[in-house]
Amino acid sequence: MNDSWVYHHFINTFLFPLKMFGVAFCVLGMLLYMLWKEKQKEGPKENKSS
């Protein structure tokens, strides 16, 4: 058994979900940022009325 192969395989199986989570997190972040900018446009009117 080659320990380095097991270590490399462990890193691959561990980093792959992290990569997918990172991409999904970036996409969600962009969507939330766009929604926040849309709210910022309407925000001042609501804040002044309240």
Side-chain angles (χ1 to χ4, degrees):
M1 275 270 217
N2 194 354
D3 289 338
S4 62
W5 181 85
V6 175
Y7 185 69
H8 186 71
H9 183 71
F10 174 76
I11 287 179
N12 281 345
T13 54
F14 185 71
L15 284 181
F16 184 72
L18 283 178
K19 287 180 183 180
M20 297 299 291
F21 178 78
V23 172
F25 185 76
C26 287
V27 173
L28 284 173
M30 287 181 66
L31 287 173
L32 286 173
Y33 180 72
M34 289 175 67
L35 286 172
W36 180 72
K37 285 189 73 175
E38 288 296 318
K39 282 186 178 182
Q40 285 292 101
K41 290 178 183 179
E42 302 172 357
K45 294 178 183 176
E46 296 178 0
N47 289 340
K48 285 183 180 178
S49 64
S50 63

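Just so it is clear, the structure is predicted and the values come from calculations on it, not from any experiment.
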Path from V23 to M20 over hydrophobic side-chain contacts below 4.5 Å:
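Looking at the clustering, M20 is in a separate group from V23.
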What pairs of residues pass the side chain to side chain donor-acceptor pair (under 3.5 Å) test when at least one of them lies in residues 23-37, not counting sequence neighbours?
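Passing the test, one end in residues 23-37: no pairs.
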Please collect all side chain to side chain donor-acceptor pair (under 3.5 Å) contacts where either partner lies in residues 8-20, sequence neighbours excluded, each pair once.
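Checked against side chain to side chain donor-acceptor pair (under 3.5 Å) - neighbours excluded - the pairs reaching residues 8-20 are H8-N12.
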List for me each residue that meets ring pair (Phe, Tyr, Trp, His ring centres under 6.0 Å) alongside F21, sequence neighbours excluded, and say none if there are none.
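Scan of F21 (ring pair (Phe, Tyr, Trp, His ring centres under 6.0 Å), adjacent residues dropped) gives none.
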With sequence neighbours left out, what residues match Y7 under ring pair (Phe, Tyr, Trp, His ring centres under 6.0 Å)?
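Once residues adjacent in sequence are excluded, Y7 has no partner under the ring pair (Phe, Tyr, Trp, His ring centres under 6.0 Å) criterion.
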Inter-residue atom distance L18.CG - I11.CD1, 0.5 Å rounding
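Reported value, rounded in 0.5 Å steps: 11.5 Å.
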List the residues meeting side-chain contact (heavy atoms from CB on, under 4.5 Å) with L32, not counting sequence neighbours, and say none if there are none.
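Testing L32 for side-chain contact (heavy atoms from CB on, under 4.5 Å), a comparison that skips the adjacent residues, returns none.
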Connected hydrophobic set around M34, excluding itself, where side chains approach under 4.5 Å
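Result for M34 is none, singleton.
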Under 4.5 Å between side-chain heavy atoms, chaining through other members, with only Ile, Leu, Val, Met, Phe, Trp and Tyr counted: pull out the rest of the cluster around M30, sorted by chain and number.
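The other cluster members (ILVMFWY side chains, heavy atoms under 4.5 Å, direct or chained): none.
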